[in-house]
Amino acid sequence: MNLKQLLDDKVTAAMTAAGVPDAQAVVKQAQRLEFGHYQVNGIMAAAKKQKTNPRELAEKVLVQLGDDVNLCLEVAGPGFINITLTPAFLAHTLQKLQPSERLGIDEEPGKVIVVDYSAPNLAKEMHIGHLRSTTIGDAAVRILEFLGHQVVRANHVGDWGAQFGSLLAYMDQLEKQGEKPSSELKDLEKFYQSASALFRTDETFAKKARNFVVKLQSGDEKCLALWKEFIAESTRHCQAVYDQLNITLTTDDIMAESAYNDDLPKVVEELKQRDLLVESDGAQCVFLDEFKGKDDKPLPAIVQKSDGGYPYMATDLAAVRYRTNSLNAHEVLYFVGTQQLLHLSQVFAVATAAGYISKEQRFRHLPFGWVLKTDGTPFKTRDGADVKLIDVLNEAVDRAYKLVEEKNPDLSPEDKKNIARVVGIGAIKYAELSKNRITDYIFDWDTMLSFEGNTAPYLQYAYTRIRSIFRRENISSRDISGEFHLTDEAEIRLAVKLLQFSEAIDGVIEDYQANVLCNYLFGLAGTFMTFYEVCPVLKASEPHRTSRLLLCDLTARTLHRGLNLLGIETVEQM
RNA sequence: GCGCCCGUAGCUCAAUCGGAUAGAGCAUCGGCCUUCUAAGCCGAGGGUUACAGGUUCGAUUCCUGUCGGGCGUACCA
């Protein structure tokens, strides 16, 4: 149930009845309190087209809308219609919403949607740069699944590139020296750096490394065994991060680059059959008119390199082919950084030309910016190394623990630990999700862990305040029944907010901007906090007490569900 | 050079296919805990929306140009 949509349909119909062709009501949530709850913005544009006076047209539309006891309608300004929902209508609508497990969110006919996200390079440990794709992608996955879609999580990890030569050569060397690589592998990042350093300084080692790449890709057994050992260890590292971050990805969702290995020659062959391939400087390329490089020269999509190797264009095309042909995806979402914009538009264009993508299948790149430090430079350590994601997560939990101890020293150590985990991790994820996806994002401990303002802890705290009310009287949320009676302004404002949850969800899905949901939840929590200050619940007389308990319960469930869809947990007290 | 993205309060960010007086938080200042958790609430100050034009009844939003920043621009991913 989407109130805005209902009103839009109603007003649009009234406009049509008033003689407006192709009527569009354009109903929005009102931007100011004095304008009511919703406003109709479409009258003025329609009047313009018809060359009539907008206020007069608005009046005509009002007549068509007729008497509706649920709505107060008013023509305002240059030709808006302001809509105020009556307390009785709000109470009635909440009454219907109250028992709903889904909080008024309709289930959609399920589509198969592949979500490509996280995708770390297994040669190294996950670093701060993976935070965005992983959290945003996982939120999208959770929301789409809640809406009833059949979501395929696709973790397109990098496990097949040239850098694995050095790593395998290094493992091999350690083994020959009688050492167990497994203990060295515990710090993957150090391992990677040691191997890379050898590659740069030791010519014999470098030769061996290159040799290992060739052996690996040609299926040498010993080499594959080493590789598998390495990948297994690296995968464990990733999973530890996902678990700590409360990400729904598991090892089953890994569809690695190497998995497409056998498909790569087929892709090249199919492109050739479609007459798309051109050899240029020894490389197999697809040239499409819309892609231009420097000096307006045609820009190729290189599918096979002059040395016979396959670049990631080939792998990505194979992935498209698999997702459409085998997974029968209706929609595929790529949560991949903005720097891949050209690459992915080439992938989609070539795949379309090759017939891998049909007209009904929708491929979308949902790009995002960089994670920066407070001084605006890339988020790296002093010596320019990537910051390990696991270290960042641990620091968040440590910081949160100190805060819990400060604010609520009487809690048990186990409770404190759990709260620190939920709050610390929530803070990191929310800081990320609550900002615009496209722009760069400044990672600032002080902002996200000050735990004030538009942060996860603020929302989590609002939730605990509600739970505390129920705990105090030992009431379960299931126990309360009765009717909504909305009299106080704070109650009415909370009621309207609660009814707008599905509008927020719809808003996120339009462009996968999770911050739309964050903004909604922050608004809901703020509205609740005000209500909490001015409307006593337990001490109120009936029927207000029951009505307020119902409002509290619905708010708690909405906050819980909303945070859950963002991949953020709640606690009962903090 | 060309292409894409970005530029909003001191800082971090909002602003729902163009809507009414551009909103929050942080920081600053002033109030509120014998009353359901003060990680809270209420209030004040703070803006030429980078700049210049244009379209429109109406522009942070659309168009053109300028400046500033980021990314990309043939065999790394």
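Letters go in sequence order (proteins before strands), and every chain restarts at 1. Note: hydrogens, waters and symmetry copies are ignored here, and every other heavy atom, side chains too, is used. Since the model is a prediction, treat every value here as computed from it, not as a measurement.
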Next on the checklist: Tell me the interatomic distance from A:L344, atom CG, to B:U73, atom P, rounded to whole angstroms.
Outcome noted: 13 Å
Checklist entry - Taking the same atom, C1', in B:C5 and in B:U61, what whole-Å distance lies between them? => result 16 Å
Next on the checklist: Around atom NZ of A:K373, are there more than 12 heavy atoms from other residues, nucleotides or ligands closer than 6.0 Å?
Outcome noted: yes
Item to check | P spacing across the pair B:A27 / B:A74, given as an integer number of angstrom | outcome: 48 Å
Item to check | side-chain hydrogen bond (donor to acceptor under 3.5 Å, both in side chains) involving A:R493 - partner list, sequence neighbours excluded | outcome: none
Next on the checklist: Donor-acceptor check, side chain of A:K435 to backbone of A:A431, threshold 3.5 angstrom: yes or no?
Outcome noted: yes
Checklist entry - Using the ring of each side chain (for Trp, its six-membered ring), is A:F363 parallel, tilted or perpendicular to A:Y334, with breaks at 30° and 60°? => result tilted
Next on the checklist: So if I take residues 118-135 of chain A and measure heavy-atom distances to RNA chain B, which residues fall below 4.0 Å?
Outcome noted: none
Checklist outcome for this item: For A:R437, the side-chain hydrogen bond (donor to acceptor under 3.5 Å, both in side chains) test, sequence neighbours excluded, returns none
Checklist entry - What pairs with A:K380 under salt bridge (charged side-chain N to carboxylate O under 4.0 Å, His left out), at least two apart in sequence or on another chain? => result A:D386
Checklist entry - In residues 306-314 of chain A, what residues come within less than 4.0 Å of RNA chain B, judged by heavy atoms? => result A:S306, A:P311, A:Y312
Next on the checklist: Quick check on side-chain contact (heavy atoms from CB on, under 4.5 Å): which of A:T555, A:L521, A:T527 does A:K497 satisfy it with?
Outcome noted: A:T527
Checklist outcome for this item: Applying ring-ring contact (aromatic ring centres under 6.0 Å, His included) to A:Y312 and not counting sequence neighbours gives A:H343
Item to check | Nucleotide-level pairing of RNA chain B, given in dot-bracket where Watson-Crick and G-U pairs need both distances under 3.5 Å and | marks other strands | outcome: (((((((..((((.....[...)))).(((((.......))))).....(((((..]....))))))))))))....
Pairs: protein N or O with nucleotides 36-39 of chain B N or O, under 3.5 Å:
from: B:C36; atom 1: O3'; to: A:R472; atom 2: NE; distance (Å): 3.2
from: B:C36; atom 1: O3'; to: A:R472; atom 2: NH2; distance (Å): 3.4
from: B:C36; atom 1: O2; to: A:L538; atom 2: N; distance (Å): 3.3
from: B:C36; atom 1: N3; to: A:V537; atom 2: N; distance (Å): 3.1
from: B:C36; atom 1: N4; to: A:Y532; atom 2: O; distance (Å): 2.4
from: B:C36; atom 1: N4; to: A:C535; atom 2: O; distance (Å): 2.9
from: B:U37; atom 1: OP1; to: A:S468; atom 2: OG; distance (Å): 2.1
from: B:U37; atom 1: OP2; to: A:S468; atom 2: OG; distance (Å): 3.2
from: B:U37; atom 1: O2'; to: A:Y461; atom 2: OH; distance (Å): 2.2
from: B:U37; atom 1: O2'; to: A:R465; atom 2: NE; distance (Å): 3.2
from: B:U37; atom 1: N3; to: A:M574; atom 2: O; distance (Å): 3.0
from: B:U37; atom 1: O4; to: A:M574; atom 2: N; distance (Å): 3.0
from: B:A38; atom 1: OP2; to: A:R465; atom 2: NH2; distance (Å): 2.1
from: B:A39; atom 1: O4'; to: A:K407; atom 2: NZ; distance (Å): 3.4

Next on the checklist: Rounded at 0.5 Å granularity, tell me how far CZ in A:F80 sits from CD1 in A:I83.
Outcome noted: 12.5 Å
Checklist outcome for this item: From the list A:Q460, A:R421, A:H560, A:K429, side-chain hydrogen bond (donor to acceptor under 3.5 Å, both in side chains) partner of A:E569 resolves to A:R421
Next on the checklist: Quick one about A:T374 and A:D444 (side-chain donor to acceptor, distance below 3.5 Å, no hydrogens or angles considered), yes or no?
Outcome noted: no
Checklist entry - Which parts of nucleotides 3-14 of chain B does protein reach within less than 4.0 Å, heavy atoms only, written one letter per nucleotide 5' to 3' as B for base, S for sugar-phosphate only and - for none? => result -SSS-----SSS
Checklist entry - Between B:C75 atom P and A:L264 atom CG, what is the distance in whole Å? => result 19 Å
Checklist entry - Could you give the CD-to-C1' distance, from A:Q340 to B:G70, as a whole number of Å? => result 15 Å
Checklist entry - Can we say A:E533 and A:R465 salt-bridge, meaning some charged N sits less than 4.0 Å from an Asp/Glu carboxylate O? => result yes
Could you give the side-chain donor-acceptor pairs of residues 293-311 of chain A under 3.5 Å, partners two or more places apart or in another chain?
from: A:Q304; atom 1: NE2; to: A:G308; atom 2: O; distance (Å): 3.0
from: A:D307; atom 1: OD1; to: A:G309; atom 2: N; distance (Å): 2.8

Checklist entry - Can the ring centres of A:W445 and A:F443 be said to be less than 6.0 Å apart? => result yes
Checklist entry - Taking NZ from A:K51 and P from B:U56, how many angstroms apart are they, rounded to a whole number? => result 13 Å
Next on the checklist: Once side chain to side chain donor-acceptor pair (under 3.5 Å) is applied, what residue pairs with a partner in residues 534-550 of chain A remain, sequence neighbours excluded?
Outcome noted: A:E473-A:R545, A:E491-A:R548, A:E542-A:T546
Next on the checklist: Can you check the distance between B:U37 and B:U21, where both ends of the measurement are the C1' atom (answer in whole Å)?
Outcome noted: 37 Å
Checklist entry - Would the A:Y461 and A:Y458 ring centres measure less than 6.0 Å apart? => result no
Item to check | Spacing of the C1' atoms in B:G18 and B:C13 (rounded, Å) | outcome: 22 Å
Checklist entry - How should the glycosidic conformation of B:C26 be described, syn or anti, under the criterion that syn lies within 90° of 0? => result anti
Could you run down the sub-3.5 Å N/O contacts of the protein with nucleotides 17-21 of chain B?
from: B:C17; atom 1: OP2; to: A:K28; atom 2: NZ; distance (Å): 3.0
from: B:A20; atom 1: OP2; to: A:Q31; atom 2: OE1; distance (Å): 3.1
from: B:A20; atom 1: N6; to: A:N82; atom 2: OD1; distance (Å): 2.4
from: B:U21; atom 1: O2'; to: A:R32; atom 2: NH1; distance (Å): 2.6
from: B:U21; atom 1: O2; to: A:R32; atom 2: NH2; distance (Å): 2.8
from: B:U21; atom 1: N3; to: A:R32; atom 2: NH2; distance (Å): 3.3
from: B:U21; atom 1: O4; to: A:E34; atom 2: OE2; distance (Å): 3.3

Checklist entry - Nearest of B:C76, B:A74, B:U16 to any side-chain atom of A:Q29? => result B:U16
Next on the checklist: In this structure, how many angstroms lie between the C1' atom of B:U73 and the CG atom of A:L288, rounded?
Outcome noted: 16 Å
Item to check | B:G43 and B:C6, which share atom name C1', separated by this distance in whole Å | outcome: 35 Å
Next on the checklist: Between B:A22 and B:A59, how many Å separate the two P atoms, rounded to a whole number?
Outcome noted: 12 Å
Item to check | A:Y532 (side chain) donor-acceptor with A:A462 (main chain) under 3.5 angstrom | outcome: no
Next on the checklist: If I pick the C1' atom on B:G45 and the same atom on B:C63, what distance separates them, to the nearest angstrom?
Outcome noted: 37 Å
Checklist entry - How many Å lie between CD1 on A:I302 and P on B:A74, as a whole number? => result 8 Å
Checklist entry - Side-chain N or O of A:K294 less than 4.0 angstrom from OP1 or OP2 on B:G72? => result no
Item to check | Identified side-chain hydrogen bond (donor to acceptor under 3.5 Å, both in side chains) counterpart of A:Q29 within the set A:K4, A:E503, A:H37 | outcome: A:E503
Next on the checklist: For A:K272, is the NZ atom crowded, meaning more than 12 foreign heavy atoms sit under 6.0 Å from it?
Outcome noted: no
Checklist entry - For A:N515, does its backbone N or O pair with a side-chain atom of A:S434 as donor and acceptor, under 3.5 Å? => result no
Next on the checklist: Pick the closest RNA chain B nucleotide for A:G158 and for A:A525 by heavy atoms, then say which residue is nearer the 5' end.
Outcome noted: A:A525
Item to check | Between B:C75 (C1') and A:F287 (CZ): distance, integer Å | outcome: 11 Å
Checklist entry - How is A:T455 classified with respect to the nucleic acid when contacts are heavy atoms under 4.0 Å: base, sugar-phosphate, or nothing? => result nothing
Checklist entry - Nearest-Å distance, CG (A:L342) to P (B:C2)? => result 17 Å
